[in-house]
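Everything below concerns the one structure shown next.
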Amino acid sequence: MAGTTNLSSSSSYVEFTLLGFPGFHNLRRILFIPFLFVYVVILGTNSLIIHIVRTETSLHFPMYILMAMLSAVNICGTTTVVPKMLLSFLIDLNRISLEGCLVQMFFIYFIIMMDCNILLMMSLDRFVAICRPLHYARIINKHNLLQLTLASLVRSISFVSPVIYLASRVQFCKSDTIRHFACEHMALLSLACGNITKNKIVGLILRVTSIVFDMCFLCTSYGSIMRAALKISPGALRHKSLHTCGTHILVISIVYFFSLSSSIVYRVSRSVTQDTHNLLSAIYLLFPALANPLIYGLRTKEIQHRLFKSFGRNIISNGQVRQ
């Protein structure tokens, strides 16, 4: 383990050790197994959703394209964190430069913001489809979808960049050991030896602003959708509308619940151990990517149908080969 002696306040560490789960350091090779399994499942299930949407022409509609985009973001988000974590568990390859740490931090929060932005685009898609069906083709088309995606990229970069910039200006002299498996903002700032009040305030303001805007938009959108769906005469159309919205709300609840719980516990609770903080972060970063494709796969009939058709064809082909 790297040394943890303090530097003078005029110096700053330029390389750090990611300790992972400090209380389970001696069991890190055992931790490799469940995290590798989760990572493989995330890659497999999200890649399957992308493959189905890409190859099935009947799914080349905005809602399914957004599902594929969400799966791509899930893969990128977990790949930002998990491979480095697995290497640190298996072969103690856990050193990271300050620049590498800031880059990882940028992509962690950029991906989180993109995840939320895609959920906002999904809610807009469903709002127009159910509340303004006659205008759907005009509003939700490829050109506008591209514009929304570019706006999401700009929003994500503009929200994350100030946090990364301020973190890059901090002196880190308390220790060169980050008691975390990734370069999360607060985990890195805990090593700062100067005044980081500005960093905390800016980070909190941006997070609260983002969450308040998202929640207002989502509540307004899905509230209008539910009212419109309930006005539809009972039948297949009403059931499909409510079922689709229920699926989206379930995914949104998972993403925002774990995001908020991790943030609140990290900032408020002093009695919770570092390993508990890190476990909450792992759940927050990995569980939505694990759950989203399973929810869409189990609750979206079009994707179910494509899955059954693919597996059925493979079973028939294998049976013919054996014969």
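Not measured: the values here are computed from a predicted model.
Contact record, Tyr284 with Pro288: O-CD, 3.3 Å, taken as the closest heavy-atom pair. Between Thr79 and Ile75 the shortest heavy-atom distance is OG1-O, 2.7 Å. Scanning both residues, Ser281 and His180, for their nearest heavy atoms gives OG-NE2, 3.3 Å. The shortest heavy-atom contact between Tyr39 and Pro83 is OH-CG, 3.7 Å. Summarising the geometry of Arg169 relative to Tyr165, their closest heavy-atom pair is CG-O, 3.1 Å, with the distance given to 0.1 Å. Closest heavy-atom contact between Ile118 and Leu66: CG2-O, 3.7 Å.
The side-chain heavy atoms of Pro293 and Leu48, taken from C-beta on, include no pair separated by under 4.5 Å. A heavy-atom distance below 4.5 Å is not found between the side chains of His60 and Tyr64. Looking at heavy atoms from C-beta onward, Val170 lies in side-chain contact with Phe172 at the 4.5 angstrom threshold. Annotation: side chain of Ser168 is in contact with side chain of Leu102 (closest heavy-atom distance under 4.5 Å). In this structure, the side chains of Leu120 and Leu218 come closer than 4.5 Å at one or more pairs of heavy atoms. Residues Asn74 and Ile49 are not in side-chain contact: their nearest non-hydrogen atoms beyond the backbone lie 4.5 Å or more apart. In this structure, the side chains of Ile108 and His185 stay at 4.5 Å or more apart for every pair of heavy atoms. Looking only at side-chain heavy atoms (C-beta outward), Met186 and His277 stay at 4.5 Å or farther from each other.
Criterion: ILVMFWY side-chain heavy atoms under 4.5 Å apart, direct or through other members. Under it, Leu27 and Val38 are part of a common hydrophobic cluster. Follow the hydrophobic side-chain contacts under 4.5 Å out from Phe32 and you reach Ile91 in the same cluster. Note on Phe16: it does not cluster hydrophobically with Val14, by side-chain heavy-atom contacts below 4.5 Å among ILVMFWY residues. Criterion: ILVMFWY side-chain heavy atoms under 4.5 Å apart, direct or through other members. Under it, Leu90 and Leu286 are part of a common hydrophobic cluster. One hydrophobic cluster, built from ILVMFWY side chains closer than 4.5 Å, cannot hold both Met114 and Val154; they sit in different ones.
At least one donor-acceptor pair under 3.5 Å links the side chain of Ser88 to the backbone N or O of Met85. Between the side chain of Thr80 and the backbone N or O of Cys76, at least one donor-acceptor pair lies under 3.5 Å. Not a single donor-acceptor pair under 3.5 Å links the side chain of Asn94 to the backbone N or O of Thr17.
With rounding to the nearest 0.5 angstrom, the CG atom of Asn46 is 7.5 Å from the CG atom of Leu70. The CD1 atom of Ile111 sits 11.5 Å away from the SG atom of Cys116 when rounded to the nearest 0.5 Å. With values rounded to the nearest 0.5 angstrom, Ser221 atom OG is found 11.5 Å from Met226 atom CE. Distance check: Tyr136 OH to Asn141 CG gives 9.5 Å after rounding to the nearest 0.5 Å. Interatomic distance, CG of Asn278 versus CG of Leu285, reported as 10.5 Å (0.5 Å rounding). With rounding to the nearest 0.5 Å, the separation of CZ in Phe159 from CZ in Arg207 is 12.0 Å.
Aromatic ring pairs are classed by plane angle as parallel below 30°, tilted from 30° to 60° and perpendicular above 60°; the pair Phe89 and Phe35 is tilted.
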side-chain contact (heavy atoms from CB on, under 4.5 Å) between Arg95 and Asp176, worked out: CA-CA 10 Å; Arg95 296 291 286 176; Asp176 68 342; 3.4 Å; yes
Would you check, one step at a time, whether the test side-chain contact (heavy atoms from CB on, under 4.5 Å) holds for Met121 with Leu124? CA-CA 5 Å; Met121 286 193 283; Leu124 177 63; 5.5 Å; no
Test Phe127 against Ile225 for side-chain contact (heavy atoms from CB on, under 4.5 Å), laying out the working first. CA-CA 6 Å; Phe127 171 80; Ile225 290 169; 4.1 Å; yes
Walk me through it: do Ser123 and Phe217 pass the test side-chain contact (heavy atoms from CB on, under 4.5 Å)? CA-CA 9 Å; Ser123 72; Phe217 188 93; 3.2 Å; yes
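Residues passing the side-chain contact (heavy atoms from CB on, under 4.5 Å) test with Ile33: none are found, sequence neighbours excluded.
Annotation: Arg132, atom CZ; neighbour count of heavy atoms from other residues, nucleotides and ligands within 6.0 Å does not exceed 12. A 6.0 Å sphere centred on CZ of Phe106 holds more than 12 heavy atoms belonging to other residues, nucleotides or ligands.
Through chains of ILVMFWY side-chain contacts below 4.5 Å, Ile205 is grouped with Ile201.
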